[in-house]
2 protein chains.
Amino acid sequence: MSEQETWRELRDRRMAEPGAAEAYEAARIAYELGKAVRAMREGRGWSQNDLAREAGMTQSAVARFEAGGTIPTLPVLERLARALDADLEVRLTPRAPAA
Amino acid sequence: MSEQETWRELRDRRMAEPGAAEAYEAARIAYELGKAVRAMREGRGWSQNDLAREAGMTQSAVARFEAGGTIPTLPVLERLARALDADLEVRLTPRAPAA
DNA sequence: CCAACTCATAGCATCGATGCTATGAGTGGC
DNA sequence: GCCACTCATAGCATCGATGCTATGAGTTGG
């Protein structure tokens, strides 16, 4: 079945790390971002190569990111956002009211 | 005036890099996040040390981050968010309509 | 004046993300 | 069957963020 597992496993293992709820969250966010970018890219009918060119990176980097293989850094997210005509938003929203 | 300049200068230089609008944006976001965290921390009457303890890092790391001395990674932001009872939100919002 | 506390930096080690090239597998067209 | 295209990985080099300890300066309280 083509066995394309490594990054997926990497990600899964990360999301399963017990004592690290924060790490889990970061990995989850990375995964969501990867899916979002893939959706936007496909929405434009772009190949990973096209997006890579626009974002100033290589196809392998895009694949790695979309697969959730790593937790992306803000500069990379910015470049992808620009390439996709999107805005990168990063916020800390208080869970409890300012009370 | 006490001359506490290095990180500030580092940040300023980063935000001035010409060909790198993305880098500028990332630096700007880092700066905003630093200010936001500082505000939340002070709102609780916590010292950098208190926050550091809660977030599992050292006072110097908190100072560096609040000063915008580095572009934070998602795991660090998550830990800070948790320590401050906040949620970390990272999103790519399309600038142009789906058109 | 001294002690304690808070924050800004320095300097260094280490880990992890990114950048690269190359390759394998799957698909579609000719 | 062959070629071209797309995507998933491997493997490696490098850069940069984080983690640490230690220190200096400024403040406040005694």
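So that the names make sense, note that chain A is the first sequence line, chain B the second, and so on, each numbered from 1.
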Please check: side-chain N/O of A:Arg41 versus main-chain N/O of A:Leu51, any donor-acceptor pairing under 3.5 Å?
no
For B:Arg64 and B:Thr70 the tightest heavy-atom approach is CD-CG2, 3.7 Å
Tell me the closest heavy-atom pair linking B:Thr58 and B:Ala52, and the distance in Å.
C-CB, 3.4 Å
Tell me which residues in residues 30-41 of chain A lie within less than 4.0 Å of DNA chain D, going by non-hydrogen atoms.
A:Arg38, A:Arg41
Tabulate protein N/O versus nucleotide N/O from nucleotides 14-20 of chain C, keeping only pairs under 3.5 Å, one per line.
unit_1 : atom_1 : unit_2  : atom_2 : d
C:dT18 : OP1    : A:Thr73 : N      : 2.8
C:dT18 : OP1    : A:Thr73 : OG1    : 3.4
C:dT18 : OP2    : A:Thr70 : OG1    : 2.7
C:dG19 : OP1    : A:Arg79 : NH1    : 3.0
C:dG19 : OP1    : A:Arg79 : NH2    : 2.4
C:dG19 : N7     : A:Arg64 : NH1    : 3.4
C:dG19 : N7     : A:Arg64 : NH2    : 3.3
C:dG19 : O6     : A:Arg64 : NH2    : 3.1
C:dC20 : N4     : A:Arg64 : NH2    : 2.8

So if you build clusters from Ile, Leu, Val, Met, Phe, Trp, Tyr with side-chain heavy-atom gaps below 4.5 Å, do A:Leu92 and B:Met57 land together?
yes
Is a donor-acceptor pair below 3.5 Å formed from side chain B:Gln48 to base C:dA8, judging by atom type as modelled?
no
Which pair of heavy atoms, one from B:Gly68 and one from B:Arg11, lies closest together, and at what distance?
O-CB, 3.6 Å
A:Arg79 side chain to A:Gly56 main-chain N or O, any donor-acceptor pair under 3.5 Å?
yes
List the atom of B:Ile29, the atom of A:Glu78, and the distance in Å for their closest heavy-atom pair.
CD1-OE2, 4.3 Å
Check this for me: does the side-chain of B:Gln59 come within 3.5 Å of the base of C:dA8 through a donor and an acceptor?
yes
How close do B:Leu80 and B:Ala55 get, counting heavy atoms only, and between which atoms?
CD2-CB, 3.9 Å
